[in-house]
There are 2 protein chains.
Amino acid sequence: MQNSEALSLTAALLAVAGELTQRIHEGVEARGFEGRPAYGFAFTRLAPDGATVTELATHLGVTKQAASQLVDELVRKGYVERRPHPGDARARLIVLTERGWACTRAAEEAAAEVVRGWGELLGESEVRVLREQLLRIAPYGPIRPIW
Amino acid sequence: MQNSEALSLTAALLAVAGELTQRIHEGVEARGFEGRPAYGFAFTRLAPDGATVTELATHLGVTKQAASQLVDELVRKGYVERRPHPGDARARLIVLTERGWACTRAAEEAAAEVVRGWGELLGESEVRVLREQLLRIAPYGPIRPIW
DNA sequence: AGCAGATGGTCAAGCAAGTTGACTATATGG
DNA sequence: CCATATAGTCAACTTGCTTGACCATCTGCT
């Protein structure tokens with residue numbers, strides 16, 4: 001692969017990720033939720049059993065102060081709650097409220113809608129391959145393509 | 001594909017794009033250039049024959065004011081020049097300097113280095129497939145995965 | 001030719017979302 | 001039981017982008 005192709009691969013990655021993010025955001029708003037895309041990525045970390053602010057910060061690739069501010073917003077909008085952490089009195093466990101779960105489902109639906117479009121373009125199985133390739137490259141990296 | 005898989009595909013896309021961007025940035029700095037990742041994406045638009053501020057803004061997905069500020073930076077650091085636009089006295093043609101070209105080549109090398117690593121992971125041909133799939137999904141979208 | 005509206009670019013002010021730094025409260029290991 | 005590390009928050013600041021206002025030039029229409 002030529003060097004210039006590697007750079008265009010980067011551009012394509014960013015363009016696709018940006019478009020997907022944008023359209024999920026629109027889909028979530030269309031379903032009656034407000035917020036910015038970062039919410040969705042926070043939810044994926046909080047989803048199963050909650051997480052601490054510090055864990056969330058690591059997941060998002062930001063400082064814990066920034067994560068804490070994000071949690072403030074999420075609390076204000078009723079998507080999450082700060083609960084005492086069982087077994088560590090310093091920490092708090094951030095958990096999704098019912099509304100938070102509903103918003104998460106909305107984001108999943110919106111994402112699935114966009115990805116279905118890709119299926120029509122590339123073929124269902126190709127999209128699956130795409131997903132697996134990406135997961136192999138960056139299994140659990142922080143989510144932060146900001147430049 | 002289940003809804004939750006679609007969301008994890010998004011996360012994987014962002015993680016991969018973020019890692020790639022980050023590592024290109026490091027590679028460029030290691031080769032003796034300073035700047036932020038946005039430079040590289042500006043360069044890809046300026047590379048062949050230059051572009052106007054407005055064209056650059058479209059490419060990057062920002063306002064023309066923001067693009068203009070970026071050009072200010074690039075001029076200050078010696079990567080580009082503002083030249084009069086042939087055939088439109090309002091516009092200016094932003095073109096790469098020799099140093100700008102050198103920085104572009106450095107970014108390409110750094111990108112190629114990372115992508116080579118992917119080749120070892122997935123196989124050379126799979127990476128090529130990945131690139132083509134992404135290009136089919138978002139042929140020429142603005143580069144802006146910001147959330 | 002000449003005028004109206006569109007377009008390229010810049011200046012200035014404001015804002016959103018992050019950072020660094022300092023601090024308190026609790027946990028943990030020697 | 002003390003020293004040090006860690007969870008979380010408050011406050012001040014930085015950065016990069018936005019919105020709004022403006023001038024210069026281009027374009028199409030009469």
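Quick caveat, the model's predicted, so the values are computed rather than measured. Below, chains carry the letters A, B, ... as their sequence lines are ordered, and counting in each starts from 1.
As a whole-Å value, the separation of E73(A) CD from dA17(C) P is 6 Å. Going from atom CG of L74(A) over to atom P of dA17(C) covers 12 Å, rounded to whole Å. The CD atom of Q69(A) sits 17 Å away from the P atom of dC15(C) (whole-angstrom rounding). With rounding to whole Å, R90(B) atom CZ is found 8 Å from dG9(C) atom P. For the pair I94(A) CD1 and dA7(D) P, the interatomic distance rounds to 13 Å; values are reported in whole Å. As a whole-Å value, the separation of L93(B) CG from dT25(D) P is 18 Å. If you take CD of E55(A) and C1' of dA7(D), they are 11 Å apart, rounded to a whole angstrom. When the P atom of dC11(C) is taken as reference, atom CG of D72(B) falls 7 Å away, rounded to whole Å.
Of all nucleotides listed (dA7(D), dT19(C), dT7(C)), dA7(D) comes nearest to the side chain of A91(A). With dC26(D), dA27(C), dG18(C) as the candidates, the nucleotide lying closest to the side chain of D88(B) is dC26(D). The side chain of Q65(B) sits closest to dT10(C) out of dT10(C), dG8(C), dC17(D). Nearest nucleotide to the S68(A) side chain, out of dC26(D), dG9(C), dT9(D): dT9(D).
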| query | Given T58(B) and E55(B), is the side chain to side chain contact (heavy atoms under 4.5 Å, CB included) satisfied, shown in steps? | reply | CA-CA 5 Å; T58(B) 303; E55(B) 287 164 350; 5.7 Å; no

| request: Mind running side chain to side chain donor-acceptor pair (under 3.5 Å) on E26(A) and Q22(A) for me, showing each step along the way? | output: CA-CA 6 Å; E26(A) 289 165 4; Q22(A) 178 65 28; 3.1 Å; yes

| message | R131(A) vs S8(B), test: side chain to side chain donor-acceptor pair (under 3.5 Å). Steps then yes/no. | response | CA-CA 8 Å; R131(A) 175 169 174 277; S8(B) 74; 3.0 Å; yes

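Checking the phosphate oxygens (OP1, OP2) of dG8(D), a side-chain nitrogen or oxygen of T52(A) falls inside 4.0 Å. Side-chain N/O atoms of R82(A) include one lying less than 4.0 angstrom from OP1 or OP2 on dT9(D). Close to dA17(C), at under 4.0 Å from its OP1 or OP2, lies a side-chain N or O of R36(A). A close approach under 4.0 Å does not occur between any side-chain nitrogen or oxygen of T54(A) and OP1 or OP2 of dT6(D).
Contact annotation for A66(B): base contact, defined as any heavy-atom pair under 4.0 Å involving a base atom. Nucleic acid contact class of T63(B) (heavy atoms, under 4.0 Å, all strands): base.
Between F43(A) and Y79(A), the two ring planes are perpendicular [angle over 60°; tilted spans 30° to 60°].
Nearest-nucleotide positions on DNA chain C for G87(A) and L70(A) put L70(A) closer to the 5' end.
One finds no salt bridge joining E113(A) and R23(A) here, because no Lys/Arg side-chain nitrogen approaches an Asp/Glu carboxylate oxygen to under 4.0 Å.
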